[in-house]
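A quick write-up on the structure given underneath.
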Amino acid sequence: MADRAGAGGPRETRPEMTNVAIIGTGAIGATIGAWLIADPALDVTLCARTPFERLRVQTPNGMLESSPRLLTGPAEATPVDWAIVTTKTYDAPGAALWLERLVKDGTRVAILQNGVEHLTRFPQLSADRVVPVVVDIPAERTAPGEVVQRRNGSLTVPAGPAGDAFAALFAASPIEVRLTEDWRTAAWAKLAINCAGVVSALTLRPAGVANDPEIADLMRGLVRECIAVGRAEGALLTDEVADQVVEGYRAGPADSINSIHADRLAGRETEIDARNAVIVRLGVRHGIDAPLNRMAAALIRAS
Ligand SMILES: NC(=O)c1ccc[n+]([C@@H]2O[C@H](COP(=O)([O-])OP(=O)(O)OC[C@H]3O[C@@H](n4cnc5c(N)ncnc54)[C@H](OP(=O)(O)O)[C@@H]3O)[C@@H](O)[C@H]2O)c1
């Protein structure tokens, strides 16, 4: 695919352009960055920790390649119309330093992260400017600035004016933005899938481990705790979700490696707090014990 962002230096900013800053240039940041850069109506800046010259994203629709405008420290940042956070959940404090420079009156902030705590993770932002986003875009980084996007995927946001404005950013891309009246349930449904994935990180076996009946029972138990706490938090999750999650893992490629498994294999920090310990923490608020998720979190933290 052509380099629609131009071949080099900074792009000229037209007054009618929407300014977008993307914090984090890993799998998700680079993927959405590549698509948004390709839209001439958007003026995109990448806020990186690890710099690179060329952005190369192998998408389902072909290669997107560009020379992005890239900042490497919050001191270089200026206010924008949209700030999009794509760091891992545990890097929220670093993202917050960028937000201090990027946010002005009228700036909207989209949080593209796993978990159900998008709003509380950034308490310094007033909730009315934050758009929480459930991410379903499978993508992997192969090198700084180089990513493989496996599916076009989707981003789910609350219905309303802010959700509409977020969807407009992706109007020229094949990434679907879904608007929902019940974002809480969407986020908890994703958490139900993610919390069960910890069995792969613990056994160091990919998704096919769900075919083991004992492991499948354990996964259902992890999900049932998520369902109970999610319901107490207001999510509408049926009992069937536990079986559906196991079936989902069984139906996918048996060799697929989820991100917490990949992080553990690579010796990186994991999102265990956002994927499992959160169920324990929020359960305490409602007097609901979540011993399986507690054990899983303790084992990952101790390993
Ligand atoms: N990848 C997927 O398929 C997928 C799917 C669904 C949901 N998600 C969720 O989406 C979120 C992002 O995941 P990801 O896979 O994109 O993670 P990732 O590949 O690890 O990328 C995170 C990026 O954040 C950057 N970063 C960290 N601290 C920073 C800071 N202070 N300033 C600037 N950049 C900083 C990292 O910098 P470095 O380049 O220096 O490492 C990295 O580029 C996570 O919550 C994940 O669970 C991911």
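Each ligand, and each atom within it, is numbered from 1 in the order the structure gives.
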For this session: Please test T89 against E271 for side-chain hydrogen bond (donor to acceptor under 3.5 Å, both in side chains), starting from the C-alpha separation and ending with a verdict.
Result: CA-CA 6 Å; T89 51; E271 293 191 306; 3.1 Å; yes
Exercise. Hey, mind stepping through R275 and S259 against side-chain hydrogen bond (donor to acceptor under 3.5 Å, both in side chains) and telling me if it holds?
Worked result: CA-CA 11 Å; R275 295 171 63 120; S259 71; 3.2 Å; yes
Problem set entry | Working for salt bridge (charged side-chain N to carboxylate O under 4.0 Å, His left out), residues R294 and E225 | CA-CA 10 Å; R294 191 169 59 243; E225 292 177 0; over 6 Å; no
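Of the heavy atoms in T25, both backbone and side-chain atoms come closer than 4.0 Å to ligand 1. The residue D136 has no part lying near ligand 1, judged by heavy-atom distances below 4.0 Å. For C47, every heavy-atom contact with ligand 1 shorter than 4.0 Å involves the backbone, none the side chain. Contacts between K190 and ligand 1 below 4.0 angstrom, taking non-hydrogen atoms only, involve the side chain exclusively.
Shortest contact from atom 4 (C) of ligand 1 to any protein heavy atom: I28 CD1, 3.7 Å. In terms of protein heavy-atom proximity, atom 26 (N) of ligand 1 is nearest to T87 CG2, 3.7 Å. Protein heavy atom nearest atom 36 (C) of ligand 1, with residue, atom name and distance: R49 NH2, 3.7 Å. Looking at atom 17 (O) of ligand 1, its nearest protein heavy atom turns out to be K88 CE, 3.3 Å. The closest protein non-hydrogen atom to atom 44 (C) of ligand 1 is E271 OE2, 3.3 Å. Closest to atom 32 (N) of ligand 1, if we only count protein heavy atoms, is W98 NE1, 2.9 Å. In terms of protein heavy atoms, atom 1 (N) of ligand 1 is closest to A139 O, 3.1 Å.
A salt bridge does not link R205 to D255: none of the charged nitrogens lies less than 4.0 Å from a carboxylate oxygen.
Separating the CZ atom in R150 from the OG1 atom in T31 is a distance of 10.5 Å, to the nearest 0.5 Å. Atom NE2 in H118 sits 6.5 Å away from atom CD in Q113 (nearest 0.5 Å). Rounding to the nearest 0.5 Å gives a distance of 8.0 Å between CG of L222 and CE of M219. Atom CD of E65 and atom CD of Q58 lie 10.0 Å apart (nearest 0.5 Å).
Among the atoms of I23, none of the N or O lies under 3.5 angstrom from an N or O of ligand 1.
Ligand 1 does not have S259 within reach: every non-hydrogen atom of the residue lies 4.0 Å or more from it.
The number of heavy atoms from other shown groups lying within 6.0 Å of CD (E214) does not exceed 12.
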